[in-house]
Each structure stands twice: as structure tokens, then as C-alpha cells.
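Written below as C-alpha cells is the structure these notes are about.
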2 protein chains.
Amino acid sequence: MKISKPVSSCCVPLLSGQLNHQEAEQLAAIFRVLGEPARLQILSLIAAQSTGEVCACELTEPLGLSQPTLSHHLKVMYEAGLLHKERRGTWIYYRLVPERFEVLHRVLAIPTRRPDAVHSSP
Amino acid sequence: MKISKPVSSCCVPLLSGQLNHQEAEQLAAIFRVLGEPARLQILSLIAAQSTGEVCACELTEPLGLSQPTLSHHLKVMYEAGLLHKERRGTWIYYRLVPERFEVLHRVLAIPTRRPDAVHSSP
DNA sequence: AAACCATATCGATGAATGTCAATATATAAA
DNA sequence: TTTATATATTGACATTCATCGATATGGTTT
């Protein structure tokens, strides 16, 4: 999974303006990361922890995937900036990067009403 | 692009609860649709119109894609429920389906603070 | 009817990528 | 150092899918 540079931190205008090639590619790259059931399950599993984090070793069993596959998905999300990673001894703990989801949340916000420029005709 | 059944209309808990297999697959299917630069550009192009809609014939030039490819992308988004389609004579006009983006917007909302269940230890 | 345009479908091709077995690396403990 | 466990990487394979040329379908006009 090819990960391009992070989307600019504020207000990429998916639903409120035009995207150029580069912006579209960056945004699409993040959505592609989310376009995998296993990864969404990992994310929701992390979010469901009261500690806000999860050890990689706790994932393979509930998801029914091999260890290499899990490792792969975690890497993809880490490189996409969606996950934070912290090693403690032999184990590695992952948590969400809220700012990253904030961006996506904003991107999908539908503008209440577009400032309709004097009803200009095409 | 395989499109599964639409995500339940309210509050799929990506970031606030656990997703089961089916929910994850449905959500991932939508994100997969958004994981394509050309499709994001189409969406933002529609959103940028003061009329809120765009004719399919207006897309091929600004995006630099062939007509069959454009038609393909529109179909994918239409079948994912992201676009509404209306024929007027020879032309077909597309507009966003706001409810659909509302769902995604909510899905990516980060819970302000999870009700921390009495700090139970694992 | 025919001619013309917009859109959709078909078929083929190449690229991206999810998956796992095997193996490597890293850390901790004995 | 050796052993054990957790995580990462490699290599191979199968599947998905974006893309386009060719062609079909649908609507409009003459």
C-alpha cells in the first residue's frame, strides 16, 4: 500500500471545494487504508479499549488473521499516520492518532449552505 | 468494485465501539469507493457547483479520463449510494446524496470521552 | 426511417495489494 | 550465550480493480 504525504491538517475541501490532483491522491490514499475490513476492525478494537491502546499480540486471535498479516495492516495504518506505536519490552502498543481522524471527519462534513455567488449562470 | 449492502443509517461505531465482520465489510466498501483520486475529484467537483449537480458530459475534460472510465466511476459511486442520478434528455445529471456522507461523517467522529468503566484492569 | 450525440457495457491488460509460510530481527530471561 | 517470545520482513500467489478501445444502448432531431 503506497502512502503519500499526509493531507494538510486543516480543511481539505472534499465537499466544499475542488480538489486538485495532489490533494485527491493524498486523501484517496487515506481512504484506501480505511477500505479494508480488517483494518477497520483493528481501529474499532483499539477505540473500544478503556486504556485507548492495544497490544499487537491481542489482535491476531479476535481477527482470525495470521501474525504477518496483522503486522502488515498495522504497518500500513502506522505509515498512514492513523496509529501511534510504542514499544514496551517485547510488546508493541498501538493507539489512535485523533488529529488524523479529525481531518477525515472535517473532510466529510457537508457545508450547511454554499455561499451561492449571486446565482451566476454558467 | 464490489458494493455490499448500505451501512445502517445511524452511528456505525468505528471509533466508539467494536465492529463485527459484516459491519466492517460494509464500511470498508464505502471507503474503498472513496479511495480513488478520480472519484474524490468528481465528488468535489459536484460539490463545488452552485447548482449542486453536474452533467456527466462535463467531467471527462477536467479529469482527463476516457468516457468509459468516467462512466465506470460514476456507476461505482451511484451503486454505493453516494450519488443521485437524473436523466434529462440525452444528458444525465449527478448530485451528492448528503445522508450518505452524513453517515461517514458520524462514523469518523471521535468520542469526546469514553465512559471509562470504573478503571477496571485487564 | 437515418444521423447524431451522450452514456453504458464488454473484454482485455497491467498494476496494486491482501494473504500466508518461512524466515529474520528484537527484546527479555535464564 | 542460549532459549523463548513478540514483531517485522521476504517472497510468492491470487484477487481486485482502474483503465481504455471497441461496441452497444438510449434519446433527440431531422
Side-chain angles (χ1 to χ4, degrees), chain A residues 1-4 21 24-43 45-46 53-80 82-95 122, chain B residues 1-4 21 24-43 45-46 53-80 82-95 122:
Chain A
M1 165 90 40
K2 196 195 322 172
I3 305 296
S4 39
H21 266 286
E25 180 49 63
Q26 293 174 352
L27 239 192
I30 303 190
F31 283 129
R32 241 177 290 142
V33 172
L34 297 180
E36 186 63 23
R39 292 201 276 262
L40 293 185
Q41 287 195 278
I42 293 173
L43 291 178
L45 215 147
I46 296 178
E53 66 183 9
V54 77
C55 172
C57 62
E58 304 176 63
L59 292 172
T60 132
E61 190 242 331
L63 294 194
L65 292 173
S66 73
Q67 180 268 323
T69 300
L70 251 302
S71 183
H72 166 69
H73 287 314
L74 290 169
K75 180 180 183 180
V76 167
M77 291 193 283
Y78 174 75
E79 292 187 334
L82 294 173
L83 292 184
H84 172 259
K85 178 197 226 174
E86 183 186 350
R87 169 152 237 151
R88 294 195 209 127
T90 322
W91 299 276
I92 298 185
Y93 291 83
Y94 289 89
R95 46 178 64 241
Chain B
M1 166 89 38
K2 195 196 320 172
I3 306 296
S4 41
H21 267 287
E25 180 48 63
Q26 294 174 352
L27 239 193
I30 303 191
F31 283 130
R32 242 176 289 141
V33 172
L34 296 181
E36 187 63 22
R39 293 200 275 263
L40 293 185
Q41 287 195 277
I42 294 174
L43 292 178
L45 215 147
I46 297 179
E53 67 183 8
V54 77
C55 172
C57 61
E58 304 177 62
L59 292 173
T60 133
E61 190 241 331
L63 294 195
L65 292 174
S66 74
Q67 181 269 322
T69 300
L70 251 303
S71 184
H72 166 68
H73 287 314
L74 290 169
K75 180 180 183 179
V76 167
M77 291 193 283
Y78 174 75
E79 292 185 335
L82 294 174
L83 291 184
H84 171 260
K85 179 197 225 172
E86 183 187 350
R87 168 153 237 151
R88 295 194 208 129
T90 320
W91 299 275
I92 298 185
Y93 290 84
Y94 289 89
R95 47 177 64 240

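Just so it is clear: chains get the letters A, B, ... in the order the sequence lines come, proteins before strands, and each one is counted from 1.
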* Within this structure, what is the CZ-to-P distance between B:Arg32 and D:dT16, rounded to whole angstrom? -> 10 Å
* Give A:Tyr93 one of three labels, base, sugar-phosphate or nothing, depending on what nucleic acid heavy atoms sit under 4.0 Å from its own. => nothing
* Asked: Are any side-chain N or O atoms of A:Arg87 and backbone N or O atoms of A:Gly89, one a donor and one an acceptor, separated by less than 3.5 Å?
  -> yes
* For A:Glu61, look at atom CD and say whether over 12 heavy atoms of other residues, nucleotides or ligands are found less than 6.0 Å away. => no
* Atom NZ of A:Lys85 to atom P of D:dT7: distance rounded to whole Å? -> 11 Å
* Atom pair distance, as rounded to whole Å: CD1 in A:Ile92 and C1' in C:dT27 -> 10 Å
* When you check every protein heavy atom under 4.0 Å of nucleotides 25-30 of chain D, what one-letter string (B, S, -) results, 5' to 3'? -> -BSS--
* Strictly below 4.0 Å, heavy-atom distances to any atom of DNA chain D: list the hits from residues 58-68 of chain A, or just say none. => A:Gln67, A:Pro68
* Please give, in whole Å, the distance from D:dC13 C1' to A:His72 NE2? -> 14 Å
* Asked: From B:Lys85 NZ over to B:Glu53 CD, what is the distance, rounded to the nearest 0.5 angstrom?
  -> 14.5 Å
* Taking only the side-chain heavy atoms of B:Lys75 (C-beta and beyond), determine which of C:dT9, D:dT19, C:dT19 contains the nearest atom. => C:dT9
* With sugar-phosphate meaning primed atoms plus P, OP1 and OP2, does A:Tyr94 contact a base, only sugar-phosphate, or nothing at under 4.0 Å between heavy atoms? -> sugar-phosphate
* Structure fact -> Of the candidates C:dT9, D:dA6, D:dT19, the side chain of B:Thr69 sits closest to D:dT19
